[in-house]
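All heavy atoms count here, side chains included; hydrogens, waters and symmetry mates do not. Reminder, nothing fancy here: chain letters follow the sequence lines and each chain counts from 1.
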Amino acid sequence: MTRYLVTSALPYANGPIHFGHVAGVYLPADVYVRTLRMMGEEVLSICGTDEYGVAITLKADQEGTPYPEYVKRWNHEIHSFFDRLHIEFDTFSGTSRCPQHEGTAQDFFRHLGANGYLDKQETTQLYCETDEMFLADRYVGGTCYVCGCEKARGDECPDCGTWIDPLRLIAPVCKQCGNTPVHRTTRHWYLNLPKLRDEHIGAWINDHEWKPNVRAFIQNLLKDVPSRSVTRDLKWGVPVPEDLAEGEEGKRLYVWFDAPIGYISFTKELMAQRGTPDEWQRWWQDPETRLVHFLGKDNIPFHCLVFPSMLWGTQQNYILPWQVPANEFYNLEAGKFSTSEGRTLDLDAFFAKYDPEAVRFYILTTLPETSDSTFSLEQMVLTINSGLAGNLGNLATRVLKFLAKNFDGIIPPIAPEHLDEMDHLMLGDCGEIGDPGIHVREFRFRQAAATLLANSSVGNVFMQRTEPWALRKTDPERAASALNTLCEWIRWVAQWMAPFLPQKAQELWEMLGCQGQVAQEPWPGIPQKGAWRRLEAGARLGTPEALFPRVEGGE
RNA sequence: GGCGAGGUAGCUCAGUCGGUUAGAGCGCAGGCUUCAUAAGCCUGAAGUCGCGGGUUCGAGUCCCGCCCUCGCUACCA
């Protein structure tokens, strides 16, 4: 048994998440965790919302909502979206609500400082005296000092493409209040990433085995690593420890610094709730633990370079990531999913029409594993109708309804003299049988989903070949043997389904008359001739119903 | 501007260290079957692997140039 600590990138508590996030991070993480659990591994799954930062204070101020209330709302909103898709975590906390977070983040700051990885630097920034805040680049407008365009932003000029230094803007204005900001110097702490890279992390990255797309992403990153400021002049964030302020009171940790620490503080919180407050160390400081970060490609630099640097730089025996199965981006057919451009789906209407688990499955078959990929309603309808309804769902109903009608709804017996023949046919001649779990372990979720359907298809081929509807009249004993074998097969399919379609797998499990939770069963692997049957002849089947109703349209 | 990704059958995508007639699913065409959710099974058609050069015995796979699409550019996976 191996210990796996699985984290999913913390969603920002500043708006809804969408299928892009789900496909890139949370759904693969969920399938991974469910599969490992069935395989008997020790697994902990951590997530929660990232709740600090400028963007949150701005929007919360705009609508006049206190920050804690504002982020609580989005935390619930996001959590309920996960519930809808049956995506589960062992804990879903938040950086501002987690009691252990502030102390944990401050400890990081303290240790990194004591070990010489934090430097203090003085910079000049634009400051708005009306709003009493330093202005992040995008909140400044002005005239471009290169081309004279009056609509330059603080980061880029839309006309000439110049990368703007906000301090050089002609006639800068604060985008919030319209007043003119002033130059003001401020002192901040910087994380010395070049030093951390040279001492350890650079070599670690080079020696580590990464997913190909991850390696491609970080290769160039190492050449030019900047120090990054880890504090900000903000009102909403983890305060810099007072004893270390050294005349810079009022500073807060910059949100990117404290966010990944949330993985650790949420673990502490969970373990405290379970009454074992020291247990978190087993997860974070035991080299036997495999730390897996699920995230999108934009988060690769943080989780492959910055956060490992922080973990190592504390010299507190933290483990470093074992794998970072980052995905690319998932696009809506007409363009990017974007909350800011209103390119979202009406979720209530959507889920009224499409089964959440069917949607789960479609997304899994199109995950952006190797490159950006596309969500298409039309394709989804095809996948649901052909793959889930026609292949998998129909296999169950054609067998179980036939049994209900002709065999009194009980599992028919298999004649001993048919065992070899039936095993040979089902396990050898009806198509290739794969273990979806192997692909899940290797983060190939599309292949895993395809393998599940291929296995289901084997059952359909078997039924086609044995023709129990004809045998029933000519050789009822053989018909019974074939149907018995099909029931066994459906039982295996239900188990293979469980990580991908948890609720549907359970429904199928019950249709077979099986007891308990299918997710509690050990992972089935691949059936071996003569040793794969578990059902008892004569057992009563449940009520067969269509698992996946066909859906219309695609508009 | 910089960085990155991608352009392979009608559609969505695989193609590991360069190696025999380029793959899958869906869609499409033809046939078979009737237990089942107008579902199932079998067979088939379909690609000058963005364009032009180069390296090589051999390139979708490496190198150079060009065209096109898209993402990021420090608060959206």
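- We find that CZ of A/Phe445 is positioned 20 Å from C1' of B/U12, with the value rounded to whole Å.
- Per the geometry, CD belonging to A/Gln379 stands 5 Å off C1' belonging to B/U12, to the nearest Å.
- Salt-bridge check for A/Arg97 with A/Glu51: passed, with a basic side-chain N closer than 4.0 Å to an acidic carboxylate O.
- Using a 4.0 Å heavy-atom criterion, one finds that A/Ala546 contacts the bases of the nucleic acid, with or without backbone contacts as well.
- Note: CG (A/Leu367) to P (B/A24) measures 22 Å, nearest angstrom.
- Residue A/Ser373 places none of its side-chain N or O atoms closer than 4.0 Å to OP1 or OP2 of B/U12.
- Using a 4.0 Å heavy-atom distance criterion, A/Phe548 is classed as a base contact.
- No engagement by A/Ser8 is indicated, since no non-hydrogen atom pair under 4.0 Å with the nucleic acid exists.
- Side-chain rings of A/Tyr26 and A/Phe92 stay apart, their centers remaining 6.0 Å or farther from each other.
- Taking the charged nitrogens against the carboxylate oxygens, A/Asp233 and A/Arg252 have no contact shorter than 4.0 Å, which rules out a salt bridge.
- One can place NE2 of A/His439 at 16 Å from P of B/A24, the figure rounded to the nearest angstrom.
- Using a 30° and 60° split on the angle between ring planes, A/Phe375 and A/Tyr330 fall in the perpendicular class, above 60°.
- Checked against the 6.0 Å centroid criterion, the rings of A/His18 and A/His21 qualify as a close aromatic pair.
- Between A/Asn327 atom CG and B/G71 atom C1' there is a gap of 15 Å when expressed in whole angstrom units.
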Can you list the steps and then say if A/Ile87 with A/Phe81 is a side chain to side chain contact (heavy atoms under 4.5 Å, CB included)?
CA-CA 9 Å; A/Ile87 291 171; A/Phe81 184 58; over 6 Å; no
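- Distance check on atom C1': B/G50 versus B/G7 gives 6 Å, rounded to whole Å.
- Proximity note for A/Thr366 (side chain, C-beta onward) versus B/G27, B/U12, B/A74: the nearest is B/U12.
- At B/A14, one or more side-chain N or O atoms of A/Arg446 fall inside 4.0 Å of OP1 or OP2 (strictly under the cut-off).
- Remark: C1' of B/C72 and CZ of A/Phe329 are 7 Å apart, rounded to the nearest angstrom.
- Ring-plane geometry between A/Phe443 and A/Phe445 is classed as tilted, the angle between the planes lying from 30 to 60 degrees on a 0 to 90 degree scale.
- Distance check on atom P: B/G47 versus B/G54 gives 27 Å, rounded to whole Å.
- With no hydrogens or angles considered, no side-chain donor-acceptor pair links A/Lys59 and A/Thr65 at under 3.5 Å.
- Between A/Lys405 and the phosphate of B/A36, there is a side-chain N or O to OP1/OP2 separation shorter than 4.0 Å.
- Between A/Phe89 and A/Phe82, the distance from one ring center to the other falls under 6.0 angstrom.
- Listed by residue number, A/Ser457, A/Asn460, A/Val461, A/Met463, A/Gln464 are the residues of residues 453-464 of chain A with a heavy-atom contact under 4.0 Å to RNA chain B.
- At B/C75, none of the side-chain N or O atoms of A/Lys59 fall inside 4.0 Å of OP1 or OP2 (strictly under the cut-off).
- Across all strands, A/Arg472 comes closer than 4.0 Å to no nucleic acid atom at all (heavy-atom distances).
- Defined by atom type and a distance below 3.5 Å, a donor-acceptor pair is missing between the side-chain atoms of A/His188 and A/Gln121.
- Each of B/A74, B/C76, B/U12 was ranked by its minimum atom distance to the side chain of A/His21; first place goes to B/C76.
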Let's go through A/Tyr12 and A/Ile56 carefully: what are the C-alpha distance in whole Å and the side-chain angles of both, what is the deciding distance for side chain to side chain contact (heavy atoms under 4.5 Å, CB included) to 0.1 Å, and is it a yes or a no?
CA-CA 9 Å; A/Tyr12 204 47; A/Ile56 282 171; 3.7 Å; yes
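- For the pair A/Tyr330 OH and B/G6 P, the computed distance is 19 Å after rounding to whole Å.
- A heavy-atom distance below 4.0 Å to RNA chain B is reached by these residues of residues 392-400 of chain A, ordered by number: A/Gly393, A/Asn394, A/Thr397, A/Arg398.
- Salt-bridge check for A/Arg73 with A/Glu63: passed, with a basic side-chain N closer than 4.0 Å to an acidic carboxylate O.
- Going from the C1' atom of B/G71 to that of B/C76 covers 13 Å, rounded to whole Å.
- Across the C1' atoms, B/A9 and B/G60 are found 14 Å apart, a figure rounded to whole Å.
- Side chain of A/Phe402, nearest nucleotide from B/C35, B/C76, B/U37: B/C35.
- Between B/A5 and B/C42, the distance separating the two P atoms is 40 Å to the nearest Å.
- At most 12 heavy atoms of other shown residues, nucleotides or ligands fall within 6.0 angstrom of atom CD in A/Glu432.
- For the pair A/Asn327 (side chain) and A/Leu367 (backbone), a donor-acceptor distance under 3.5 Å is absent.
- Proximity of A/Tyr362 to the phosphate of B/U12: no side-chain N or O atom is located under 4.0 Å from OP1 or OP2.
- Between A/Arg550 and the phosphate of B/A39, there is a side-chain N or O to OP1/OP2 separation shorter than 4.0 Å.
- Taking atom P on both nucleotides, B/A14 is separated from B/C62 by 15 Å, rounded to a whole Å.
- Going from atom CG of A/Leu541 over to atom P of B/A36 covers 16 Å, rounded to whole Å.
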For RNA chain B, the expected dot-bracket line (Watson-Crick or G-U under 3.5 Å, [ ] crossing, | inter-strand) is (((((((..((((.....[...)))).(((((.......))))).....(((((..]....))))))))))))....
